Amino acid sequence: MEEEQGYKFGHEMKKHFQMRLDLIPLNHGGYGAVPKCVSLNQKQYMEEMEFCPDIFFEFKLREYWKASIEEVSLFVGTKSKDTVLVNNATTGINTVLKSLKYNTGEVILFTNCTYHAVKNTCQQTSVLANGVEAVHMSLVFPIKHEDDIVNQYAEYLDAHKNVKIAVIDHITSPTAMLMPVSRIASVCHDRGVLVVVDGAHCPGQLDLNIERLGVDFYTGNLHKWGFSARGCAVLWIDPKFHNVIRPLITSHHWNTGKPMIEFTTQGTNNYSSYQSVPQAIKFYKDIGGHEAIDKYNRSLLAKAVDYLTEKWGTCKLDIPASMEAPFLRLVKLPPIAGFSASTDDSGRLRLKLLEEYKLIQYIFPVQGELFIRLSCQVYNEISDYESLGDAIQELSKRT
């Protein structure tokens, strides 16, 4: 365990979060965890709004919004004028895809590893645009080198000249792959294809500098690894698209060409998750910042993977080390009687592990085999993964 400015990493960190102590949390990547100080700060904004909504919405809201945007921009490496806040990364992808104009026959490209809600967004956008097609490109395991992915994009785009925009995961949600985004974006731009990045798992997990990635649009959740209240995500828009991208809700500041103004007021709503972002970033820094968090989580995750693969006699997902997400990893499960490699059985197994062993986890099939996606956060210890190892081993021995 590491101690940073009075914060001791490991189970002692749980006292700083609102979480059930009878459960073993191994799925931080699912919904994140909100620190108590952030929840308190959020509550203060909600109370201020209720005390006098007229003052809050008419005179304070934009001031708070601007303060949050400035903090977020420094956190993810953007300019505040190009940066807005939205509910989640799926909202960000919806905003971009549904703002663009398409010609008949053009294609929205995604992959089989794209998050399911984003796949649906691609498909619905193609229907709304009439004559546009949403197409997925299959990424197949094992992957031996990131060049394999980059070359696959190049070959696909060379063979399909009608791709308008590619939706690229920075870290794939189900398979926890860190994609070579900058290299893929370069391949796309060389062929006239726009790039929107789904970075749902990246703010707080990666030391981001979005402007240096060379993409057109980027969205990422702050409530997963950035400790913000739910739901809250950043959306970065390249300046050349300021007059193109519009909020999903048309409201008071329509058609200004200034994202920070247009996205500020989406009707009367509770924006406290956005307003408490500075407190979330402060907490992130107070516990040691990216360097300390990264060091602890990487080390613990590596130990957990080694322990589980040896105990179960299985392996981790076969991808190069350069494509492994820092705080997420896939490990193959041993055969468990009564549970096939299907989505339905994945859900049943997750529920069984929760009800019988108090384990919060994420399991799903990859190419006909069941894998568990391990998450590692500063409140975890190796004993959490030992409990998981024992539970799965016990289930695998049942007939």
Side-chain angles (χ1 to χ4, degrees), residues 1-2 8-33 141 173-176 201 205 224-225 293 295-319 321 324-399:
M1 294 181 286
E2 292 191 9
K8 184 176 286 187
F9 290 174
H11 288 169
E12 285 197 29
M13 283 297 293
K14 290 184 178 182
K15 67 185 179 184
H16 298 290
F17 294 88
Q18 300 177 105
M19 57 173 58
R20 283 177 54 177
L21 298 181
D22 62 318
L23 300 177
I24 301 173
L26 297 174
N27 188 31
H28 186 93
Y31 304 99
F141 303 98
S173 180
T175 47
H201 286 272
Q205 184 170 182
K224 286 185 181 288
W225 301 94
I293 295 168
K295 180 181 177 183
Y296 182 83
N297 288 351
R298 281 181 185 267
S299 175
L300 179 56
L301 184 59
K303 292 175 184 176
V305 170
D306 288 345
Y307 171 80
L308 292 172
T309 52
E310 181 177 353
K311 186 176 185 71
W312 296 339
T314 62
C315 60
K316 60 184 179 178
L317 187 67
D318 194 354
I319 58 176
E324 291 180 335
F327 308 161
L328 293 163
R329 201 67 39 84
L330 259 68
V331 173
K332 187 166 72 170
L333 296 179
I336 300 174
F339 295 93
S340 66
S342 68
T343 302
D344 286 346
D345 279 3
S346 298
R348 288 199 306 114
L349 181 54
R350 291 183 66 195
L351 184 59
K352 191 174 190 66
L353 287 168
L354 172 60
E355 292 178 340
E356 292 190 23
Y357 301 96
K358 303 298 184 183
L359 289 159
I360 304 291
Q361 25 59 45
Y362 185 54
I363 295 170
F364 60 95
V366 178
Q367 292 182 187
E369 296 177 301
L370 283 182
F371 281 77
I372 186 164
R373 187 187 69 185
L374 302 179
S375 289
C376 185
Q377 189 50 286
V378 294
Y379 51 72
N380 288 123
E381 293 183 8
I382 192 62
S383 62
D384 297 332
Y385 305 94
E386 290 170 348
S387 296
L388 171 66
D390 291 341
I392 292 294
Q393 187 172 67
E394 181 179 313
L395 289 176
S396 70
K397 291 179 179 179
R398 293 183 186 177
T399 57

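Because only heavy atoms are used, hydrogens play no part in the values below, and waters and symmetry mates are left out as well, while side chains stay in. Bear in mind the structure is a predicted one, so any value in this text is a computation, not a measurement.
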Check Leu354 against Gln361 and note the closest heavy-atom contact, atom names and distance.
-> N-NE2, 4.0 Å

Give the C-alpha distance, both sets of side-chain angles, the deciding distance and a yes or no for side-chain contact (heavy atoms from CB on, under 4.5 Å) between Ile392 and Leu308.
-> CA-CA 10 Å; Ile392 292 294; Leu308 292 172; over 6 Å; no

Quick one: closest heavy-atom pair of Ser346 and Pro365, and the distance?
-> OG-CD, 3.2 Å

Quick one: are Leu349 and Leu333 in side-chain contact, heavy atoms under 4.5 Å?
-> yes

Distance from Phe364 atom CZ to Arg373 atom CZ, nearest 0.5 Å?
-> 6.5 Å

Residues forming a salt bridge (Lys or Arg N to Asp or Glu O under 4.0 Å) with Lys14, sequence neighbours excluded | none

When rounded to the nearest 0.5 Å, the distance separating CG of Leu353 from CD1 of Ile363 is 5.0 Å

With distance as the sole test, does Lys224 use its side chain to make a donor-acceptor pair with the main-chain N or O of Gly30 at under 3.5 Å?
-> yes

Sub-3.5 Å donor-acceptor pair from the side chain of Asn380 to the main-chain atoms of Gln377, do we have one?
-> yes

Can you tell if the side chain of Asn27 reaches within under 4.5 Å of the side chain of Arg350, non-hydrogen atoms only?
-> yes

Shortest non-hydrogen separation from Asn297 to Cys376 and the atoms involved = ND2-O, 3.3 Å

Rounded to the nearest 0.5 Å, how far apart are CG of Leu359 and CG of Asp384?
-> 8.5 Å

All salt bridge (Lys or Arg N to Asp or Glu O under 4.0 Å) counterparts of Asp345, not counting sequence neighbours | Arg348

Apply salt bridge (Lys or Arg N to Asp or Glu O under 4.0 Å) to Arg329 and list each qualifying residue two or more places apart in sequence or on a separate chain.
-> Glu324

Closest heavy-atom contact between Ala176 and Leu328?
-> CB-CB, 3.7 Å

In terms of heavy-atom contacts, Met13 and Val378 come closest through CG-O, 3.6 Å

Would you call the rings of Trp225 and His201 parallel, tilted or perpendicular if under 30° counts as parallel and over 60° as perpendicular?
-> tilted

Go through the structure and list residues passing salt bridge (Lys or Arg N to Asp or Glu O under 4.0 Å) with Asp306, not counting sequence neighbours.
-> none

Short question: side chain of Gln393, backbone of Trp312 - any donor-acceptor pair under 3.5 Å?
-> no

Any pair counted as ring-ring contact (aromatic ring centres under 6.0 Å, His included), so long as it reaches residues 375-397, sequence neighbours left out | Phe17-Tyr379, His28-Tyr379

Distance from Tyr357 atom OH to Leu388 atom CG, nearest 0.5 Å?
-> 11.0 Å

Which atoms form the tightest heavy-atom contact between Ser396 and Pro334, and what is the distance?
-> CB-CG, 4.1 Å

About how many Å separate CD of Gln205 and CD1 of Ile293, when rounded to the nearest 0.5 Å?
-> 11.0 Å

The side-chain contact (heavy atoms from CB on, under 4.5 Å) partners of Phe141 (sequence neighbours excluded) come to Cys113, Ile143, Thr175, Met177, Leu317, Ile319, Val366, Gln367

Minimum side-chain heavy-atom gap Ile372-Leu26 below 4.5 Å = no

Drop me the distance from Ser375's OG to Tyr31's OH, to the nearest 0.5 angstrom.
-> 12.0 Å

